[in-house]
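Order of listing sets the numbers, starting from 1, for every ligand and every atom in it.
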Amino acid sequence: MVRRRVAIVISGRGSNMEALIAACRQPDYPAEIVHVVSNEPAAAGLAKAAAAGVPTTVIEHRRFAARADFDAALDRRLREVGAELVCHAGFMRILTVDYVEAWRDRLINIHPSLLPAFPGLDTHARAIAAGVRFSGCTAHFVRAKVDAGPIIAQAVVPVLPDDDAERLAARVLAAEHRLYPFALRLVADGRTRVVGDTVVVDGAAIPAVGLFSPLPD
Ligand code: GAR
């Protein structure tokens with residue numbers, strides 16, 4: 001089995017990164033995590049990656065005068081480590097069009113809502129304020145617009161009447177940790193094709209793709 005070489009880019013806690021690292025430990029998983037890059041030197045995820053034996057690099061965005069310069073440094077490092085695919089896991093950066101196009105359909109992001117609803121920040125508070133009955137998370141290929149791009153898979157969780165942003169975030173995060181390894185497996189297996197603005201999944205039908213609805217406690 002050929003394992004695709006995957007880098008993960010983070011800005012903070014790194015729990016999705018940990019879920020991907022854990023998935024890649026399975027003998028039949030079609031990807032390996034070769035490197036973790038953080039734009040934040042204080043990101044808690046850096047120590048977690050190191051503890052898991054994954055090499056890390058910090059590329060501090062504040063040291064670069066222009067957005068394109070940071071993106072060029074990131075691009076260089078990802079190529080140096082031989083990344084074929086890059087997973088954004090809580091990577092809170094707006095990227096230049098040139099960078100995104102250079103990595104077209106090889107950058108994957110996870111966002112804690114059912115996109116295209118609620119892109120950007122304060123996702124859970126906005127979902128609660130809108131009164132939606134379901135929320136969830138989305139794994140998608142990255143485009144230059146924030147939290148937009150062809151959807152690979154989604155997971156759904158209920159929004160409960162007494163939810164606050166923190167409770168909903170925790171329920172969605174548990175789904176993220178299942179969805180992201182699932183989505184990366186589809187891509188690494190070569191089962192995804194981007195057709196226009198959508199993703200077609202080849203091969204055997206997947207029953208209820210990425211539909212996880214953990215019941216309330
Ligand atoms: C996750 O909930 C992820 O979906 C979100 O940041 C969190 C990072 O947590 N990403 C975005 O909001 C992207 N727009 P983690 O560092 O523990 O994986």
Side-chain angles (χ1 to χ4, degrees), residues 6-24 31 33 35-52 54 56-59 61 67 71 74 85-96 99-100 103 107-130 132 134-159 163-184 187 210 212 214:
V6 176
I8 303 177
V9 288
I10 64 170
S11 300
R13 178 178 55 187
S15 72
N16 278 289
M17 173 203 78
E18 285 186 294
L20 293 173
I21 291 172
C24 288
I33 307 303
H35 210 85
V36 168
V37 177
S38 174
N39 66 303
E40 280 288 355
L46 284 166
K48 295 174 185 169
V54 179
T56 62
T57 299
V58 174
I59 303 175
H61 62 278
R67 196 171 285 284
D71 288 1
L74 178 59
L85 297 167
V86 181
C87 288
H88 293 199
F91 183 52
M92 305 311 241
R93 290 286 304 164
I94 293 169
L95 298 161
T96 55
Y99 174 84
V100 172
W103 287 87
L107 306 177
I108 306 170
N109 181 44
I110 190 152
H111 181 74
S113 74
L114 294 174
L115 292 173
F118 312 120
L121 300 174
D122 299 325
T123 316
H124 304 296
R126 287 188 290 135
I128 290 168
V132 296
F134 292 93
S135 190
C137 47
T138 303
H140 64 95
F141 287 114
V142 172
R143 295 292 181 264
K145 221 172 130 203
V146 172
D147 300 323
I151 291 169
I152 301 161
Q154 293 184 307
V156 176
V157 302
V159 180
D163 270 349
D164 56 18
E166 203 179 317
R167 276 174 60 90
L168 179 57
R171 193 176 308 119
V172 171
L173 191 66
E176 292 183 53
H177 296 162
R178 296 171 63 189
L179 182 72
Y180 213 171
F182 170 83
L184 176 60
V187 176
F212 310 129

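- Looking only at distances, no side-chain donor or acceptor of Asp122 sits under 3.5 Å from a matching main-chain atom of Ala125.
- Under the ring pair (Phe, Tyr, Trp, His ring centres under 6.0 Å) criterion, Phe91 pairs with His88, not counting sequence neighbours.
- Of the possible donor and acceptor atoms, one in the side chain of Arg67 sits under 3.5 Å from a partner among the backbone N and O of Ile94.
- No donor-acceptor distance shorter than 3.5 angstrom exists from the side chain of Lys48 to the backbone of Met17, with no hydrogens or angles considered.
- At a heavy-atom cutoff of 4.0 Å, ligand 1 is surrounded by Arg13, Gly14, Ser15, Asn16, Gly90, Met92, Ile110, His111, Pro112, Asp147, Leu173, Glu176.
- A donor-acceptor contact shorter than 3.5 Å is absent between the side chain of Thr123 and the backbone of Ser113.
- In this structure a side-chain-to-backbone donor-acceptor pair under 3.5 Å is missing from His111 to Pro116.
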